[in-house]
Amino acid sequence: MQSAPVTKYRPFPPVQLPNRQWPNRTLTRTPIWCSVDLRDGNQALAQPMSVEEKLEYFELLVKIGFKEIEVGFPSASQIEFDFIRRLIDENRIPDDVAIQVLCQCREELITRTIESLRGAKNAIFHLYNSTSPAQRQYVFNADRAEIVRIATRGTEWVKQHSRALVAAGTKLRFEYSPESFTSTELEFALEICEAVTDVWQPTVQDKIILNLPATVEYATPNVHADQIEWMCTHLTRRDRTLISLHTHNDRGTGIAATELALLAGADRVEGTLFGNGERTGNLDIVVVALNLYTHGIHPGLDFSDINGIREVYERCTRLEVPVRQPYAGELVFTAFSGSHQDAIKKSWAAQKPGAPWDVLYIPVDPADIGRSYKAIIRINSQSGKGGVAYVLEHEFGYQLPKLMHKEIGRVINDLADVTGRELTPEEIHGAFQREYLERNSPLALQQFKTNERDSAVKCEAVVQINGATRTLTGEGNGPIDAFVRALGTTDLPKFEVLSYVEHSLGKGAEARAVSYIQIKTERGQTLYGAGIDTNIELASIKAIVSALNRSLAKK
Ligand code: KIV
Ligand code: ZN
């Protein structure tokens, strides 16, 4: 990097718009969506989609609910041409969906593009030429008047050559893009858009689409919004114009730029699923649509099976949706941090059916987009006790007493520290079993029986202590008390039982009891033990053995 002062780059000039309105507005309506996955997205792929893949992808876009889909650049490649022909010839385009085709302002390309549309019911002819000073100077070596002439002549050719197509029944609409709009002087962008509109002669019923692309993103989103508001207020035939947005993401703010430009008055949005596109990508339509949804505005697009959509996308594009991608990324409904896990758990429990969504850290109900609750809490060394207890309860059915959470949390934390990675629910379960349920040394229970007389319970327990078998007896007010007293006759440390909780694990014939017993040793140590058995009494005796063995292990 250049050391300060940075002279290599220049700030983007602000737009003079003293009366700007967009900052005081809120989003209240859904824009018209146009997917450009099959053109802008596809042309950015190292390995472009095959015709079969494009057909599958087109079907996906239709299923999501797109009514305008840019299907290609048919004059640029035979594959694109063939794909469009198959869509039309095989009647794959629903009546309410318009296919959009991109073309440069050259007569032979325009006629070829129109040829690709033969038999289509609804189509949008998308014509573009580049307009910025740098494009005019370096690429076209043309002055402003020549650039305007390229656009108007192209529009005339579209009008002229599409007459037969329209006469044959195709409803043809027209879109013009001054490519590199956001780097173009606004007065010149206005001049060229007005000139194209003069030629096309749109009506209120059949509006022209003026697509104002941020071909490369150079400025902050507020500047983009100013540019769009400036155009919206200066166009002479706004009532006959749909203002369309087409942002790219070079500064990582393509989504923000689109959202602010919608406040500035735009009607339509072009973008791709998950933001695939040249360089840093096109606008991610999924995010903008679901952002609207989480504001209470239905986007008119259906992302209720986001995992299925992601699967088709990844297969056809051979790209991966990053794990942190909003809404669709693998980890976005996952909290590793203990305090987050705790807050999610508490607010989720407080969420009333039908009430506005209010779960902390999760701005959208995962179920709305087909994601599962299961994967929400996952465990690594940053996780807290709440997360571990959540996994043990939701994956394996253990309802650990609250005071036990801290203990097991520490055990799992140590394990996560040692492994240095995320732990699976099975690993957590395994650690819980080793720590509590499989504690048979130095004390191991071999047999236990009780009999009750005059409200006193007598027990006889066959145990092994450090490998030596002993038969112990004791009497108490219940089996637990009797066993504790029986152990009191040995050299094992003395302890008292502080609390006892049990519940059933599993259902029907498979059901077992699980007991959690908290003890306090004579050295003042408090800790839990746990035991499982089909017999509820034995489950609690095993829990005592577990607690005592744990205390001896700690000693
Ligand atoms: O990014 C862009 O400017 C384009 C145009 C062709 C609309 O893709
Ligand atoms: Zn683009």
Side-chain angles (χ1 to χ4, degrees), residues 31-45 48 66 68-77 80 98-106 109-110 113 123-136 138-140 147 150-151 154-155 158 173-186 188-189 192-193 196 208-219 221 224 227-228 231 241-255 257-258 261 266-285 288 317 319:
I32 300 163
W33 305 108
C34 175
S35 151
V36 294
D37 293 70
L38 293 167
R39 195 277 301 171
D40 218 351
N42 186 56
Q43 78 187 38
L45 295 176
F66 284 97
E68 298 182 4
I69 301 174
E70 191 162 86
V71 285
F73 201 147
S75 63
S77 106
E80 310 247 317
I99 54 168
Q100 178 167 310
V101 281
L102 183 72
C103 188
Q104 289 167 339
C105 301
R106 283 176 33 205
L109 304 184
I110 289 171
T113 303
I124 301 170
F125 196 108
H126 182 184
L127 188 75
Y128 78 99
N129 68 325
S130 207
T131 54
S132 71
Q135 288 271 0
R136 297 192 312 254
Y138 303 126
V139 183
F140 297 99
I147 296 288
I150 291 171
T155 309
V158 176
R173 288 182 286 147
F174 182 67
E175 168 170 340
Y176 170 68
S177 289
E179 197 207 22
S180 61
F181 158 78
T182 51
S183 309
T184 302
E185 309 88 329
L186 279 170
F188 181 55
I192 199 163
C193 286
V196 165
I208 186 170
I209 301 167
L210 292 178
N211 186 49
L212 306 176
T215 304
V216 180
E217 185 175 58
Y218 287 116
H224 183 247
Q227 290 170 322
I228 298 297
M231 287 295 284
T241 308
L242 290 171
I243 295 293
S244 175
L245 306 172
H246 179 113
T247 59
H248 282 264
N249 198 36
D250 298 81
R251 297 166 55 97
T253 55
I255 290 163
T258 294
D267 308 291
R268 182 178 187 269
V269 169
E270 290 190 351
T272 60
L273 299 181
F274 310 119
N276 174 38
E278 295 281 17
R279 309 179 307 283
T280 50
N282 279 73
L283 168 80
D284 182 344
I285 277 195
V288 178
T317 62
L319 294 175

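Counting convention: from 1, in listed order, for ligands and their atoms alike.
- Panel note: side chain S180, backbone S183; no donor-acceptor pair is recorded below 3.5 Å.
- Side-chain atoms of S244 never come within 3.5 Å of backbone atoms of N211 as a donor-acceptor pair (strictly under, hydrogens ignored).
- Using a 4.0 Å cut-off to heavy atoms of E179, the atoms of ligand 1 that qualify are 3 (O).
- In this structure, a donor-acceptor pair under 3.5 Å is present between the side chains of T184 and T131.
- For ligand 1 and D40, the ligand atoms under 4.0 Å from any heavy atom of the residue are 8 (O).
- Every atom of ligand 1 is numbered from 1 in the order shown, and the set under 4.0 Å from a heavy atom of H248 is 1 (O).
- Residues Y128 and Q104 share a closest heavy-atom pair of OH-NE2, 3.1 Å.
- The residue V36 has no part lying near ligand 1, judged by heavy-atom distances below 4.0 Å.
- If you check which protein heavy atom lies closest to atom 6 (C) of ligand 1, you get R39 NH2, 3.7 Å.
- Of the angles at the Zn ion (ligand 2), the one spanning NE2 of H246 and NE2 of H248 is 100° when given to 10°.
- Of all atoms in ligand 1, listed by their number and element, those nearer than 4.0 Å to a heavy atom of N211 are 7 (C).
- Nearest N, O or S atom of D40 to the Zn ion (ligand 2): atom OD2.
- Screening E68, E70, R39 against Q100 for a side-chain hydrogen bond (donor to acceptor under 3.5 Å, both in side chains) leaves a single residue, E70.
- Residue-level proximity to ligand 1 for T215 is carried by backbone and side chain together, each with a heavy atom below 4.0 angstrom.
- Listed for the N276 side chain is a donor-acceptor partner under 3.5 Å among the backbone atoms of G41.
- Ranking the protein heavy atoms by distance from atom 4 (C) of ligand 1 puts H246 NE2, 3.5 Å first.
- Judged purely by atom type and a 3.5 angstrom limit, T280 uses its side chain to pair as donor or acceptor with the backbone of N249.
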